[in-house]
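Worksheet: one structure, shown below.
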Amino acid sequence: MKYKSTRNPQIKITSAQAIAQGLSHEGGLFVPEELPKMGENDILNLCEKSYAERAFEIFRLFLEDFSDEEIRYCVENAYGGNFDTENIAEISHLLKGTYILELWHGPTCAFKDMALQILPYLLTVSAKKTIPDKKTAILVATSGDTGKAALEGFKNVEGTTISVFYPEEGVSDMQKRQMQTQEGDNVFVCAVKGNFDDCQNGVKAIFTDKNFASELEKNGIVLSSANSINWGRLCPQIVYYISAYAELIKNEEIRYGEKINIVVPTGNFGNILAAYYAKEMGLPINKLICASNANNILTDFINTGVYDRNREFYTTISPSMDILISSNLERLLYHLSGENTDLVNKWFSSLKENGRYEVTPEVKEKISGLFYAGCCNDKETKAAIKDCFGSYSYLMDTHTAVAYKVYGDYKKSTGDNTKTVIASTANPYKFGAAVFEALGGINSGEGTDEFDIIEKLEAMTKTVIPEPLAATKNKAVRFRDVIEREKMPETVMNFLTK
């Protein structure tokens, strides 16, 4: 299987090249030449397998230039004792037919671990195949969770360095502390004045800067990405949706062929795009429900066909979704436009120059058939946390609460009672202050220690602070730098060539 660029029809490369490179040189994203299909026997055969075994079978379909031994090496190292549950992704029941897919049992308590625990293995194997004599520099923009998960995955991995940029005021206190206290000899963390889009645009600009690449080449360094623009990040996300369906069959919650809805809180569109890919591979999915916070650009786009980032940006209590440029949407539009690279280039040039684009009526109709979109503000998010805990004694984080609220709106507006899986993207203690307030707790104001708050939340809810978060309390802060976006290239170069 070869991989193509969304912006250049002439490019066809192997999966190892796509993973090692991360982003196509002209700015396009890599996609599979053809999506593999999974039928009834393929999915039923997964039911009695472990999560790592399921991942192995699915990766074999996408990584045809990897040997079985190489794929086993990757999945067995990624999905083992580093998660706090043998099932890796647990499924909790709210009520009959409504399930929470807990994707946060990894070392950083966020769904990004599901992909970023395996990406370092995929990348090092890919690098040995394609750039054996080079050092790989991972460059990451984060709205909170990707940064810590990538740092944890790549710390002290031989032949790599990792630089992470996050918005100074756009992450939770716990997310910031996790990144600032990161251990590892090959890691660098820096805050940027601005929002996530400023960080993301800064990283993309570095990737497409030929002079920057030339300078790194002199030092034997090549850039790659751990954001979901990298196919090696996105492919593992497909796995957990297929695995969840197999697990529901195994638990006799559904029969094969029975359709399910999937609800995903998303900002950069990667997590819900993975569900779309699973559907296109043959997973019986009825509706993909896209949940946004007050930064509701995806809701507006799915409902109107117009993507317009010329709007107010909100800093919310679900900061990982505080995004106005959803990078992975490009992959979806590439597929739905019939792989029309001219259209994709036109749309994304317009986004860069004018801050907006409008898709064709044909593409809009396809989107409407696949997706439902909704959004909610912070007040509604807190109400959802309180309602879910009061109704089901289930404590959810602010992002999962957005999905919970939007799913409730979807049911009311459609009357659809299809069994539904809600993707839960973070442990509630990562956003403890907001969750505590949602349940009626009172914070004493700015400067309150986040550990005091989560200890109160623990006592209030009779739940347990996860060990990886508790452990950051006594770690030394290593990274305090705050820079303007324009300083990102210089900052990266200084770190890589020191």
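Numbering of residues begins at 1 and proceeds along the displayed sequence. Everything quoted here is computed from the prediction, not taken from an experiment.
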Check whether any side-chain heavy atom of [X] lies under 4.5 Å from a side-chain heavy atom of [Y], and answer yes or no.
{"X": "S320", "Y": "S143", "value": "yes"}
{"X": "T146", "Y": "L116", "value": "yes"}
{"X": "M114", "Y": "Y51", "value": "yes"}
{"X": "N328", "Y": "T266", "value": "no"}
{"X": "T425", "Y": "T400", "value": "yes"}
{"X": "T381", "Y": "N293", "value": "no"}
{"X": "P9", "Y": "K4", "value": "no"}
{"X": "M174", "Y": "Y429", "value": "no"}

Check: In terms of ring plane angle, is the pair Y3 and W231 parallel, tilted or perpendicular, where the classes change at 30° and 60°?
Finding: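 Rings of Y3 and W231: tilted, as their planes differ by 30° to 60°.
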Margin query: Tell me whether the rings of Y357 and F348 are parallel (<30°), tilted (30 to 60°) or perpendicular (>60°).
Written below: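 Tilted, since the angle between the ring planes falls between 30° and 60°.
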Can you give me the closest heavy-atom contact between [X] and [Y], atom names plus distance?
{"X": "A16", "Y": "S126", "answer": "O-CB, 3.3 Å"}
{"X": "L101", "Y": "Y240", "answer": "CD2-O, 4.0 Å"}
{"X": "S424", "Y": "W104", "answer": "OG-NE1, 2.8 Å"}
{"X": "A110", "Y": "K430", "answer": "CB-NZ, 3.9 Å"}
{"X": "H105", "Y": "I88", "answer": "CB-O, 3.8 Å"}
{"X": "V171", "Y": "P319", "answer": "CA-CB, 4.2 Å"}

Measuring from atom [atom1] of [X] to atom [atom2] of [Y], what distance do you get when rounded to the nearest 0.5 angstrom?
{"X": "N377", "Y": "N295", "atom1": "CG", "atom2": "CG", "value": "11.5 Å"}
{"X": "K287", "Y": "K279", "atom1": "NZ", "atom2": "NZ", "value": "8.5 Å"}
{"X": "C74", "Y": "E70", "atom1": "SG", "atom2": "CD", "value": "7.5 Å"}
{"X": "I242", "Y": "L61", "atom1": "CD1", "atom2": "CG", "value": "8.0 Å"}
{"X": "N268", "Y": "M321", "atom1": "CG", "atom2": "CE", "value": "11.5 Å"}
{"X": "I131", "Y": "Q21", "atom1": "CD1", "atom2": "CD", "value": "9.0 Å"}

So with a 6.0 Å cut-off around [atom1] of [X], is the heavy-atom count from everything else above 12?
{"X": "K210", "atom1": "NZ", "answer": "no"}
{"X": "N156", "atom1": "CG", "answer": "yes"}
{"X": "K475", "atom1": "NZ", "answer": "yes"}

Checklist line | side chain to side chain contact (heavy atoms under 4.5 Å, CB included) evaluation trace for Q178 with L469 | finding: CA-CA 8 Å; Q178 282 187 298; L469 300 184; 3.2 Å; yes
[X] side chain to [Y] backbone, donor-acceptor under 3.5 Å:
{"X": "R7", "Y": "H25", "value": "no"}
{"X": "N186", "Y": "F154", "value": "yes"}
{"X": "S224", "Y": "A20", "value": "yes"}
{"X": "N345", "Y": "T341", "value": "yes"}
{"X": "R60", "Y": "I71", "value": "no"}
{"X": "D145", "Y": "K112", "value": "no"}
{"X": "S350", "Y": "R356", "value": "yes"}
{"X": "N296", "Y": "T299", "value": "no"}
{"X": "S243", "Y": "V239", "value": "no"}
{"X": "R485", "Y": "V192", "value": "no"}

Next item on the list: Using the ring of F66 (Phe, Tyr or Trp, six-membered ring only), decide whether K129 places NZ or CZ under 6.0 Å from its centre and within 45 degrees of its axis.
Entry: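 K129 over F66 ring: yes.
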Next item on the list: Step by step, work out the side chain to side chain contact (heavy atoms under 4.5 Å, CB included) result for C290 and I302.
Entry: CA-CA 9 Å; C290 179; I302 288 169; 3.8 Å; yes
Next item on the list: Just jot down the ring-ring contact (aromatic ring centres under 6.0 Å, His included) partners of F431, sequence neighbours excluded, or say none.
Entry: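 Residues passing ring-ring contact (aromatic ring centres under 6.0 Å, His included) with F431: H399.
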Between [X] and [Y], do the side chains contain an N or O donor and an N or O acceptor separated by less than 3.5 Å?
{"X": "N310", "Y": "D308", "answer": "yes"}
{"X": "Q182", "Y": "K148", "answer": "yes"}
{"X": "T316", "Y": "D322", "answer": "yes"}
{"X": "E152", "Y": "T108", "answer": "no"}
{"X": "S5", "Y": "E26", "answer": "yes"}

Margin query: So that I can tick it off, tell me whether K134 and E217 are bridged by a salt bridge, with the cut-off set at under 4.0 angstrom between side-chain N and carboxylate O.
Written below: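 So E217 pairs with K134 through a salt bridge.
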Next item on the list: Decide salt bridge (charged side-chain N to carboxylate O under 4.0 Å, His left out) for R54 and E57; before the verdict, give the C-alpha distance in whole Å, the side-chain angles of both, and the deciding distance to 0.1 Å.
Entry: CA-CA 5 Å; R54 292 169 183 170; E57 296 296 341; over 6 Å; no
Notebook entry, point to check: Can you check side chain to side chain contact (heavy atoms under 4.5 Å, CB included) on I323 and D197, steps first, answer last?
Noted result: CA-CA 6 Å; I323 294 170; D197 292 326; 3.6 Å; yes
Next item on the list: Mind checking side chain to side chain contact (heavy atoms under 4.5 Å, CB included) for A137 and listing every partner two or more places apart, or none if nothing turns up?
Entry: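 Side chain to side chain contact (heavy atoms under 4.5 Å, CB included) list for A137, sorted by chain: T161, I221, L223, L496.
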Margin query: Testing I238, V264, L332 one by one against Y276 for a side chain to side chain contact (heavy atoms under 4.5 Å, CB included), which residue passes?
Written below: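 For Y276, the side chain to side chain contact (heavy atoms under 4.5 Å, CB included) test succeeds with only one of I238, V264, L332, which is L332.
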Check: Testing I285, I262, V421, I272 for side chain to side chain contact (heavy atoms under 4.5 Å, CB included) with Y241, which one passes?
Finding: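 Running side chain to side chain contact (heavy atoms under 4.5 Å, CB included) over I285, I262, V421, I272 with Y241 returns exactly one hit, I262.
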Would you give me the side-chain donor-acceptor pairs under 3.5 Å for residues 361-374, sequence neighbours excluded?
{"residue": "E362", "atom": "OE1", "partner": "T360", "partner atom": "OG1", "Å": "3.4"}
{"residue": "K366", "atom": "NZ", "partner": "L336", "partner atom": "O", "Å": "3.0"}
{"residue": "S368", "atom": "OG", "partner": "K364", "partner atom": "O", "Å": "3.1"}

Checklist line | Test side chain to side chain contact (heavy atoms under 4.5 Å, CB included) applied to I19 and N230, step by step | finding: CA-CA 6 Å; I19 292 168; N230 191 318; 4.1 Å; yes
Check: Would the W347 and Y307 ring centres measure less than 6.0 Å apart?
Finding: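 They do not qualify: ring centres at least 6.0 Å apart.
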Note to self: Before you tell me yes or no, could you show the steps for K487 and E490 under salt bridge (charged side-chain N to carboxylate O under 4.0 Å, His left out), namely the whole-Å CA-CA distance, both residues' side-chain angles and the distance that decides it to 0.1 Å?
What the structure shows: CA-CA 5 Å; K487 292 285 187 181; E490 176 187 339; 3.6 Å; yes
